[in-house]
There are 2 protein chains.
Amino acid sequence: MAPEKTVERLCLYRRLLKTALTEGETNIFSHELAELVSGSAAQVRRDLMEVGVTGHSKRGYEVDHLLTEIDKVLDAPHGTRIVLIGVGDLGRAMLRFMKGYHERIKVVGAFDNDEAKIERVVHGFRCKSVTDLEAVIASSGVDVAIISTPADAAQAICDRLVAAGVRGIVNFAPVPLHVPGNVKLERVDIATALEKVACLVRQATVGCNVPEEAND
Amino acid sequence: MAPEKTVERLCLYRRLLKTALTEGETNIFSHELAELVSGSAAQVRRDLMEVGVTGHSKRGYEVDHLLTEIDKVLDAPHGTRIVLIGVGDLGRAMLRFMKGYHERIKVVGAFDNDEAKIERVVHGFRCKSVTDLEAVIASSGVDVAIISTPADAAQAICDRLVAAGVRGIVNFAPVPLHVPGNVKLERVDIATALEKVACLVRQATVGCNVPEEAND
DNA sequence: TAGATTGTTAATCGATTAACAATC
DNA sequence: TAGATTGTTAATCGATTAACAATC
């Protein structure tokens with residue numbers, strides 16, 4: 001119901017509010033939260049409207065209450081069951097992240113096709129054979145799958161996930177995946193992020209730096 | 001000069017065009033490229049206009065030529081010099097990715113503050129002490145830095161990078177960083193991606209699935 | 001020629017920002 | 001009260017899409 005961009009920012013707000021809370025801040029103004037995310041106060045207020053909380057013109061918003069309400073919007077009350085496919089460096093990074101994150105993130109399986117990795121325990125999760133993927137999905141139920149395989153394996157895995165009924169996918173493989181309209185797909189494109197910044201930096205320095213030639 | 005969104009898509013096009021080229025495709029229509037990225041043909045044509053290439057109404061675009069021109073827009077002719085800070089799982093994933101990627105990506109340093117990692121070779125790069133960060137930047141010159149440290153170290157590292165003259169930063173740490181306006185910052189937010197998909201999937205299934213209670 | 005595709009402009013869409021009355 | 005902040009609507013901005021003459 002809340003627009004995607006708002007959902008993204010709510011995830012950010014939540015993390016920052018948790019920090020603020022542990023630092024003893026009980027109340028926060030929209031412009032303070034805005035500064036933390038390098039956004040505008042108006043946008044913060046708009047986002048919080050979406051959550052349904054209401055602030056106070058003298059004290060701003062109550063951090064505690066804000067967190068409770070954002071949780072309600074973002075999290076499924078019974079948690080999110082997750083599978084991860086591809087236990088390489090990136091897959092391990094995700095497992096490690098999810099391990100310590102919060103209790104409503106539930107990893108129900110980590111899969112790889114490398115015999116050497118199967119049955120190994122990585123950050124507390126036992127690696128399974130990718131041949132068992134459908135069986136685990138069928139028995140545990142899965143809300144979101146993380147694809148951290150090499151590019152050439154990603155679409156095939158994606159198809160299997162969709163066929164098995166998974167309706168949310170986070171794709172770390174550097175290829176665009178194709179999914180039916182009823183599946184939510186989020187691309188995390190490391191390659192593009194790097195190339196994009198490189199390009200933008202270069203564009204910004206054109207003219208003041210190396211003038212296209214003229215050195216040695 | 002090209003809008004950021006266009007730059008992002010150009011990165012994607014380039015990767016897909018390379019694949020197409022190795023598969024022997026010499027020409028491609030805007031609607032074909034659009035399908036590969038799940039975009040629209042009009043957008044592809046618009047993006048390619050920005051690059052300055054021109055197509056042919058019977059044969060579409062020449063893949064070969066397209067790649068050459070996109071390279072010119074995206075890449076600095078002398079390459080992009082990169083440092084990476086934080087050789088954890090995520091840092092290793094990035095090193096591994098950059099190792100095999102292409103010749104214009106030049107990693108000039110990988111840093112960590114863990115004594116156990118320093119001097120170790122990771123995916124072909126020797127890990128350095130983070131105390132040497134400024135020295136390496138000063139001697140090698142650095143275009144883009146990748147921050148893959150834990151969240152609590154990220155802002156301090158970021159400040160040091162900016163002070164040392166780095167003008168492009170890719171941030172993998174799950175905190176928003178603050179940089180001056182002349183620094184390009186790209187956030188790759190793994191935590192948000194995961195939480196966002198979880199939320200969207202849940203929103204989509206509300207009503208048809210667990211009706212907020214009603215099971216034991 | 002007829003049909004498909006390109007290059008480009010105008011129309012649409014969505015998201016962000018500005019503004020301001022209402023509140024404390 | 002005076003001053004700051006909220007909640008919300010209207011104005012702005014940018015990006016995407018539709019449309020279509022020109023081209024091959």
Side-chain angles (χ1 to χ4, degrees), chain A residues 1-13 17 20 25-66 69-70 73 176 181 184 186-187 192 196 199-200 203, chain B residues 1-13 17 20 25-66 69-70 73 176 181 184 186-187 192 196 199-200 203:
Chain A
M1 193 145 272
E4 288 205 17
K5 294 281 172 136
T6 296
V7 170
E8 272 178 44
R9 283 188 298 262
L10 289 175
C11 294
L12 263 187
Y13 298 157
L17 288 169
E25 309 227 25
T26 57
N27 289 78
I28 195 163
F29 291 117
S30 60
H31 65 263
E32 294 177 311
L33 196 44
E35 198 178 358
L36 290 175
V37 301
S38 305
S40 76
Q43 188 164 73
V44 169
R45 292 202 299 276
R46 227 164 185 287
D47 288 339
L48 296 188
M49 235 178 71
E50 203 79 42
V51 177
V53 296
T54 176
H56 183 285
S57 70
K58 270 227 148 31
R59 283 165 271 131
Y61 301 86
E62 216 180 305
V63 177
D64 205 11
H65 180 238
L66 214 44
E69 294 305 309
I70 294 178
V73 173
K184 304 289 170 188
E186 185 75 9
R187 191 164 50 93
T192 297
K196 181 183 167 189
C199 176
L200 296 178
Q203 283 183 347
Chain B
M1 192 146 274
E4 288 206 16
K5 293 281 171 137
T6 296
V7 170
E8 274 178 42
R9 284 189 296 263
L10 288 175
C11 294
L12 264 186
Y13 298 158
L17 288 169
E25 309 227 24
T26 58
N27 290 77
I28 194 164
F29 292 116
S30 59
H31 64 263
E32 294 177 311
L33 197 43
E35 198 179 359
L36 290 175
V37 301
S38 306
S40 77
Q43 187 165 72
V44 169
R45 293 201 300 275
R46 228 164 185 289
D47 289 338
L48 297 187
M49 237 177 72
E50 204 79 40
V51 176
V53 296
T54 177
H56 184 285
S57 70
K58 269 229 149 30
R59 284 165 272 132
Y61 301 86
E62 218 178 304
V63 176
D64 205 11
H65 180 239
L66 214 44
E69 295 305 309
I70 292 178
V73 173
K184 303 290 170 187
E186 184 76 8
R187 190 163 51 92
T192 297
K196 181 181 167 191
C199 175
L200 296 178
Q203 283 183 349

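Values in this document were obtained by computation on a predicted structure and should not be read as measured data. First the proteins, then the strands, lettered A, B, ... as listed; each starts at 1. All values below were derived from every heavy atom in this structure, side-chain atoms included, with hydrogens, water molecules and symmetry-related copies excluded.
Formation of a donor-acceptor pair under 3.5 Å by the B:Glu32 side chain with backbone atoms of B:Phe29 is found in this model.
A 3.5 Å limit on both hydrogen-bonding distances identifies C:dG3 as the Watson-Crick or G-U partner of D:dC24. Remark: D:dT8 base-pairs with C:dA19; criterion is Watson-Crick or G-U wobble with both hydrogen-bond distances under 3.5 Å.
Of the candidate nucleotides D:dT8, C:dT9, D:dC20, C:dT9 has the atom lying nearest to any side-chain atom of B:Arg46. When the nucleotides C:dC24, D:dT5, D:dT17 are ranked by their closest atom to the side chain of A:His56, C:dC24 comes out on top.
For the pair B:Gln43 CD and C:dT12 C1', the interatomic distance rounds to 14 Å; values are reported in whole Å. Distance NE2 (A:His31) to C1' (D:dG3): 13 Å, rounded to an integer number of Å. Atom P of nucleotide C:dG7 and atom CZ of B:Phe29 are separated by 12 Å, given to the nearest angstrom. Atom-to-atom, CD of A:Glu50 to P of D:dT6 comes out at 18 Å; the value is rounded to the nearest Å. Here the P atom of nucleotide D:dG14 and the NZ atom of A:Lys5 are 14 Å apart, to the nearest Å. To the nearest angstrom, P of D:dC24 lies 15 Å from CG of B:Asn27. For B:Glu4 and D:dT16, the CD to C1' distance is 17 Å, given to the nearest whole Å. Rounded to an integer number of Å, the gap from B:Arg45 CZ to D:dA22 P is 16 Å.
With rounding to the nearest 0.5 Å, the separation of CD in B:Glu69 from CD in B:Glu62 is 11.0 Å. Interatomic distance, CD of B:Glu50 versus CZ of B:Arg46, reported as 8.0 Å (0.5 Å rounding).
Phosphate contact (OP1/OP2 of C:dT17, side-chain N/O of A:Ser40, threshold under 4.0 Å): present. OP1 and OP2 of D:dA22 both lie 4.0 Å or more from every side-chain N or O belonging to B:Ser57. For C:dG7, the OP1/OP2 oxygens have a side-chain nitrogen or oxygen of B:Thr54 closer than 4.0 Å. Contact annotation: B:Arg9 reaches the phosphate of D:dT16 (side-chain N/O to OP1 or OP2, under 4.0 Å). Under 4.0 angstrom from either OP1 or OP2 of C:dT6 there lies at least one side-chain N or O belonging to B:Ser30.
Around the CD atom of B:Glu35, the shell of radius 6.0 Å holds no more than 12 heavy atoms that belong to other residues, nucleotides or ligands.
Counting only heavy atoms from C-beta outward, the side chains of B:Leu48 and B:Ser30 never approach each other to under 4.5 Å.
Checking A:Val53 against A:Lys58, the closest nucleotide of DNA chain D that is more toward the 5' end is the one next to A:Lys58.
Backbone-only contact: B:Gly60 has heavy atoms under 4.0 Å from sugar-phosphate atoms and none from a base.
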